[in-house]
Chemist: 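Sharing a structure here in structure tokens format.
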Amino acid sequence: MKICGFQKTTLLDYPGHVAATIFLGLCNFRCPFCHNAELLTEDAEEQCTMDEVLDVLKRRASLLEGVCITGGEPTLSPDLEILIRRIRELGLLVKLDTNGYRPDVVKRLCSEGLLDYIAMDIKSSPENYGMVAGVPNINTDTISESISFVRSCGVPYEFRTTAVKGLHTEEDFEAIGRWLQGAERYFIQNYVESDRVLFPGFSGFRREELLAFADIVRPYVGEVCLRGVDY
Ligand code: SF4
């Protein structure tokens, strides 16, 4: 396991909870707008060990309610289950961020009762998934499998899409809505421009455009919200 970042406190990463965030290295996607580009490959630099992170969490356990495990793609880390078990021993909740491309790992963690919240990325419509995930030959059946599982597993969850001008259209959000039909919660978060993403040059949408995307998805999903955008 390569821990490539550790944020001791966040009010943003785990909805409704004071949390810490652990960033694990490696990813099986190459989203061109990825803000964590330095975490994606074997070259990613380890920042601390699991024991070091757990020591800090132990000392701060009375201040924290949970831990968000993100990446990279956490399900690629072989010791993920061990990490989660040790976090839970501290009495902390665990939220897992995932791109949904390893449904078996998420299923196993859920069957062991190890997850308290799942946030799954929906990169785009099935038609444009490979382009937006940076994996041209992507198998969207695997994403569908994860969507079905997350929707019915009984663990609180959200689906979410980072909306990027140049990559997403209204048609994509219509298709995403149909794909997620019956889901409880879906967030659209606007892309924030940065020179440090995998392929700089993209931009975000205007507030009105994001509201229009939300309206497109709303008939299909229980709750649709914008994240990081003032209403
Ligand atoms: S799924 Fe995409 S955005 Fe997330 S870490 Fe991997 S490359 Fe970056």
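As the structure lists them, so they are numbered: ligands from 1, and atoms in each ligand from 1. Values in this document were obtained by computation on a predicted structure and should not be read as measured data.
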Chemist: Closer than 2.8 Å to atom 6 (Fe) of ligand 1, what protein N/O/S atoms do you find?
Modeler: C27 SG
Chemist: For atom 4 (Fe) of ligand 1, what's the nearest protein heavy-atom neighbour? Residue, atom name and distance, please.
Modeler: K123 NZ, 3.8 Å
Chemist: Check the pair Y186 / Y220 against ring-ring contact (aromatic ring centres under 6.0 Å, His included), numbers first and verdict last.
Modeler: CA-CA 10 Å; Y186 175 65; Y220 302 101; over 10 Å; no
Chemist: Quiz question: by atom type and distance under 3.5 Å, do the side chains of E127 and S125 form a donor-acceptor pair?
Modeler: no
Chemist: Hey, are T21 and Y14 close enough side-chain-wise for a donor-acceptor pair under 3.5 Å?
Modeler: no
Chemist: Remaining members of L40's ILVMFWY cluster at a side-chain heavy-atom cut-off under 4.5 Å?
Modeler: F33, M131, V132, V164, L167, Y191, V197, L198, F199, F202
Chemist: Going by the side chain to side chain donor-acceptor pair (under 3.5 Å) test, name the single residue among R185, R227, K95 that passes it with E158.
Modeler: R227
Chemist: Between E174 and R178, does any side-chain N to carboxylate O distance fall below 4.0 Å?
Modeler: yes
